[in-house]
Number of protein chains: 2
Amino acid sequence: MKSEEIARLAGVSRSTVSRVINNYPNVPEKTRERVMKVIREYNYEPNQSARVLAGKKTNTIGLFLFTIYDINSPYRIYNNGYFSPFVDSFVDIGNSMGDYMLVHTIYKPEECWRIRQTFLQKRIDGGIIISTDKSSELESIFRDVSHPIVIMDYDPSVIEKTMGPEARIAVVDLNDEKGINEAVDYLVSLGHRRIGMIAGRQTSYSGLRRRECFVRRLEHHGLPVDDRYMIKGDFTWEAVVPEIEKLIYSQQLPTAMIASNDLMAMAAIETFKRHSIRVPEDISIIGHDDIPTAAIYKPALTTVRIPFFDVAKKSMDMLSELIENDTPRFTVYKADVGLEVRESCSRI
Amino acid sequence: MKSEEIARLAGVSRSTVSRVINNYPNVPEKTRERVMKVIREYNYEPNQSARVLAGKKTNTIGLFLFTIYDINSPYRIYNNGYFSPFVDSFVDIGNSMGDYMLVHTIYKPEECWRIRQTFLQKRIDGGIIISTDKSSELESIFRDVSHPIVIMDYDPSVIEKTMGPEARIAVVDLNDEKGINEAVDYLVSLGHRRIGMIAGRQTSYSGLRRRECFVRRLEHHGLPVDDRYMIKGDFTWEAVVPEIEKLIYSQQLPTAMIASNDLMAMAAIETFKRHSIRVPEDISIIGHDDIPTAAIYKPALTTVRIPFFDVAKKSMDMLSELIENDTPRFTVYKADVGLEVRESCSRI
DNA sequence: CTGAAAGCGCTTACAG
DNA sequence: CTGAAAGCGCTTACAG
């Protein structure tokens, strides 16, 4: 079934059918009705490719996720409580806006060409990129591609520097400073003075920055930044366990630790438990992100909450904005985060 | 940049450029090289819409998820440990096969027209449908749409009856009988005789069938099927809590229970714990699915394991098969499941 | 082995 | 308000 047949059956031209489909005003109600009747009767849907080729939008949004796991790891991307709420939210929001969502997983920077390809093939109107690590491959996309992009977890200043003159990019940033400050302040208010950190990968924007904020806040309170308590993690469970074990063997424990994500917080808690160090009785732990399991976990995790849905909504709104306006521009949005107090910390 | 310009720059016709792009054999290596060089130099990617309009495949697969949650529920689809490993796997597998994945969430049967629309607009070559409840809307799609579809969690016999003569449908089914039998047998081997079930929604294929298998297996062992121990759940956490509380107040507890999914198993465990009934000391619990959190949970959940990745892989293979062969056909694949023994059951 | 030409199914100035 | 016609950027018989 194509528009030509609809036209014939309704006794009009293809032009008129097209006007009806696109809801143009210049067609009388009676004609519109007649055409719609035929369209409904035959379950007609216009061919997407023909429409796009003739100049319409694709109504498709690309969602590109840079996973932190190896493709062979059994812990894959969406299992990661950080990504799945985002995928969830983005798909829902896109669908409810009438858009189709193309979801793509990127395992290595070298696969970035996939993003460019998707744009150049004109499969999507715009893209959401959830990245973690700084990569030159990604930055080359900011330079080349003039299509609307919203990016999360990337240093805004780097983007502003790298992006080409045609770029239409928005950055969604988290107010990490506020989140980390609240976490540190809370521990201080509970009497803690020996506070450590389980940091995220330092090649990532958020991993690096959360660590900086942490150090600054300790100094603000006049507390020592003890290198022995600064654990190098990489956002995954596996990397944390041996580091925490080393810490335990050193016999020098802090009284509290802040992790750069919840998974690492839980990995630490499990490791402490296995060595009969109780949380929160013996050591207090704060996570980051508030992934869905954080609340179910025992002890329920005190953590810095990311409002996943709101962040996704804001991102999609910004993307729509960029899609509608075809003038190059650059915007940064800083999303609010806040400490969610549960059971994993105690007064000293 | 379009093929015409590439042709001009390479000194050939658009036909030849097309032959190179599509990797047709009838073009000499030298010409191919020359064209490829220009293509690479200009980062040329053929326009997807033009290709499809001219008769090529879309290389896009639709993934349609029927969620069990209300769109307003804070527990949304991917948070549900059942869906997210599937989304994960499907996206990965599709991407690695060179396909694009269009992910769509369906909250109500009335939204089924979205699936039909996606097919009729020729956005996808085929679709994966992960359903839960029987719905006439979905069945009307099996009747109308002649596009390749793989469907999970749906009664194969119903599909075979409803599908139209042109349908190219494959069903991926789980060997629920084996899973439930192993669970019951395991509890019996631990000495349990008063075994209850926390059933899934009885409007869903798997909810209904797991219950049937459970009843049959109890009878096989000559054990009583006690209505007081048959809890009505609906696969969600919220519905289980009050039912378990009713059971607790009745003062008549079974010594073991099998839940139709892990979430309900955990909801039951949490509720028992709150009433100082210990798992597994006082009551043994078995879940179903082996969602990612099942292993981290305390007590680590003994559960019937669904091999998510393998099931997804098999589904995608069957879908590719259906896409390649355009003769109508119907296939059923029964995926293997098995009991994963952990800590949530004990000898009586 | 290669190119000219038709065609895929729409949309959109343009003319009336 | 409406239709004829050009055009979007490819692919694919077809002819040579």
Side-chain angles (χ1 to χ4, degrees), chain A residues 1-39 42-60 100 117-125 147 326, chain B residues 1-39 42-60 100 117-125 147 326:
Chain A
M1 183 58 55
K2 48 185 180 174
S3 72
E4 196 173 357
E5 302 180 51
I6 300 291
R8 193 170 42 75
L9 290 162
V12 294
S13 72
R14 284 145 71 214
S15 314
T16 301
V17 172
S18 180
R19 290 189 186 99
V20 171
I21 289 170
N22 290 295
N23 234 326
Y24 290 157
N26 55 349
V27 31
E29 203 46 47
K30 275 195 59 173
T31 316
R32 183 184 304 277
E33 274 306 315
R34 193 146 39 90
V35 174
M36 279 310 293
K37 188 157 167 287
V38 180
I39 287 179
Y42 289 87
N43 252 322
Y44 168 72
E45 289 284 348
N47 181 303
Q48 150 81 357
S49 299
R51 298 191 82 188
V52 172
L53 193 57
K56 288 294 193 182
K57 285 193 308 173
T58 63
N59 287 315
T60 309
Y100 288 89
Q117 185 188 57
T118 313
F119 276 118
L120 295 181
Q121 292 182 344
K122 292 230 182 341
R123 285 177 176 269
I124 56 178
D125 297 327
H147 300 87
D326 49 357
Chain B
M1 183 57 58
K2 47 186 182 174
S3 72
E4 196 173 358
E5 302 181 51
I6 299 292
R8 192 170 43 74
L9 291 162
V12 295
S13 72
R14 284 145 70 214
S15 313
T16 301
V17 172
S18 180
R19 290 189 187 101
V20 170
I21 289 170
N22 291 294
N23 234 326
Y24 291 157
N26 54 349
V27 32
E29 202 48 44
K30 275 194 60 172
T31 315
R32 182 185 306 275
E33 275 306 316
R34 193 145 39 90
V35 174
M36 280 308 293
K37 187 155 168 291
V38 181
I39 287 179
Y42 288 86
N43 252 322
Y44 167 72
E45 289 284 348
N47 181 303
Q48 150 80 357
S49 298
R51 298 190 81 187
V52 172
L53 193 58
K56 287 294 193 184
K57 284 194 307 173
T58 64
N59 286 316
T60 309
Y100 287 89
Q117 185 187 57
T118 314
F119 275 118
L120 294 180
Q121 291 183 344
K122 292 231 181 338
R123 284 176 176 269
I124 55 177
D125 298 327
H147 300 87
D326 49 356

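Here is the naming used below: chain letters follow the sequence lines, and residue numbers restart at 1 for every chain.
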Practice task
Classify the nucleic acid contact of N26(A) as base, sugar-phosphate or nothing, counting any heavy atom under 4.0 Å across all strands shown.
Solution key: base

Handout entry: Shortest non-hydrogen contact between A7(B) and S13(B), atoms and distance
Key = CB-C, 3.6 Å

Practice task
For I21(A) and dT12(C), give me the distance from atom CD1 to atom P, rounded to whole Å.
Solution key: 11 Å

Handout entry: Euclidean distance, atom CZ of residue R8(B) to atom C1' of dA4(C) [Å, nearest integer]
Key = 18 Å

Practice task
Measure the distance from CG on N22(B) to P on dA13(D) and round it to the nearest whole Å.
Solution key: 12 Å

Problem - Residue pair Y100(A) / Q48(A), side-chain donor-acceptor N/O under 3.5 Å - result: no

Handout entry: Side-chain H-bond candidate by donor/acceptor type, S49(B) with R123(A), under 3.5 Å
Key = no

Completion exercise
To the nearest angstrom, the CG-C1' distance between N23(B) and dC10(D) comes to 17 Å

Completion exercise
Of the listed dT2(C), dT2(D), dG7(C), the closest approach to the P28(A) side chain comes from dT2(D)

Exercise for the section: Check each of T31(B), V38(B), V27(B) against V12(B) using the side chain to side chain contact (heavy atoms under 4.5 Å, CB included) test, and report the only one that passes. Expected result: T31(B)

Handout entry: Flag, side chain of D125(A) to backbone of K57(A), donor-acceptor distance under 3.5 Å
Key = no

Exercise for the section: Classify the nucleic acid contact of S3(B) as base, sugar-phosphate or nothing, counting any heavy atom under 4.0 Å across all strands shown. Expected result: sugar-phosphate

Exercise for the section: Find which nucleotide of DNA chain C each of P25(B) and A50(B) is nearest to by heavy atoms, and output the residue with the more 5' nucleotide. Expected result: P25(B)

Completion exercise
Between CG of N59(A) and P of dT11(C) the distance, given in whole Å, is 12 Å

Exercise for the section: Could you tell me the separation between the NZ atom of K30(A) and the P atom of dC1(D), rounded to a whole number of Å? Expected result: 13 Å

Completion exercise
Comparing nearest nucleotides in DNA chain D, the 5'-proximal residue of the pair R19(B), L53(B) is L53(B)

Ignoring hydrogens and angles, write down the donor-acceptor pairs under 3.5 Å from the side chains of residues 14-21 of chain A, residues two or more places apart or on other chains.
residue	atom	partner	partner atom	Å
S18(A)	OG	N22(A)	ND2	3.4

Exercise for the section: Measure distances between side-chain N and O atoms of S13(A) and base N and O atoms of dA4(D), and say whether any donor-acceptor pair falls under 3.5 Å. Expected result: no

Exercise for the section: Report yes if at least one side-chain N or O of K56(A) is closer than 4.0 Å to OP1 or OP2 of dT12(C); otherwise report no. Expected result: yes

Handout entry: Gap between atom CE of M1(A) and atom CD1 of I6(A) - 0.5 Å precision
Key = 5.0 Å

Exercise for the section: Could you check how far CZ of R14(B) sits from P of dA13(D), rounded to whole Å? Expected result: 16 Å

Completion exercise
Ranking dT2(D), dC10(D), dT12(C) by distance to the side chain of S18(A), first place goes to dT12(C)

Exercise for the section: Answer with base, sugar-phosphate or nothing: what part of the nucleic acid does S49(A) contact at a heavy-atom distance below 4.0 Å? Expected result: nothing

Fill in the blank from the handout: Stems field, DNA chain C, Watson-Crick or wobble, 3.5 Å, at least 3 pairs, by first number, holds C:1-3 with D:14-16, C:5-12 with D:5-12, C:14-16 with D:1-3

Exercise for the section: Taking only the side-chain heavy atoms of R51(B) (C-beta and beyond), determine which of dC10(C), dT12(C), dC10(D) contains the nearest atom. Expected result: dC10(D)

Practice task
Might you point out which heavy atoms bring Y24(A) and R32(A) nearest each other, and give the distance in Å?
Solution key: O-NH2, 2.7 Å

Problem - Phosphate-side-chain proximity, Y24(A) and dA13(C), N/O vs OP1/OP2 below 4.0 Å - result: no

Practice task
Tell me what S15(A) touches on the nucleic acid: a base, only sugar-phosphate, or nothing, going by heavy atoms under 4.0 Å.
Solution key: base

Problem - Integer-rounded Å distance: dC8(D) P and N47(A) CG - result: 18 Å

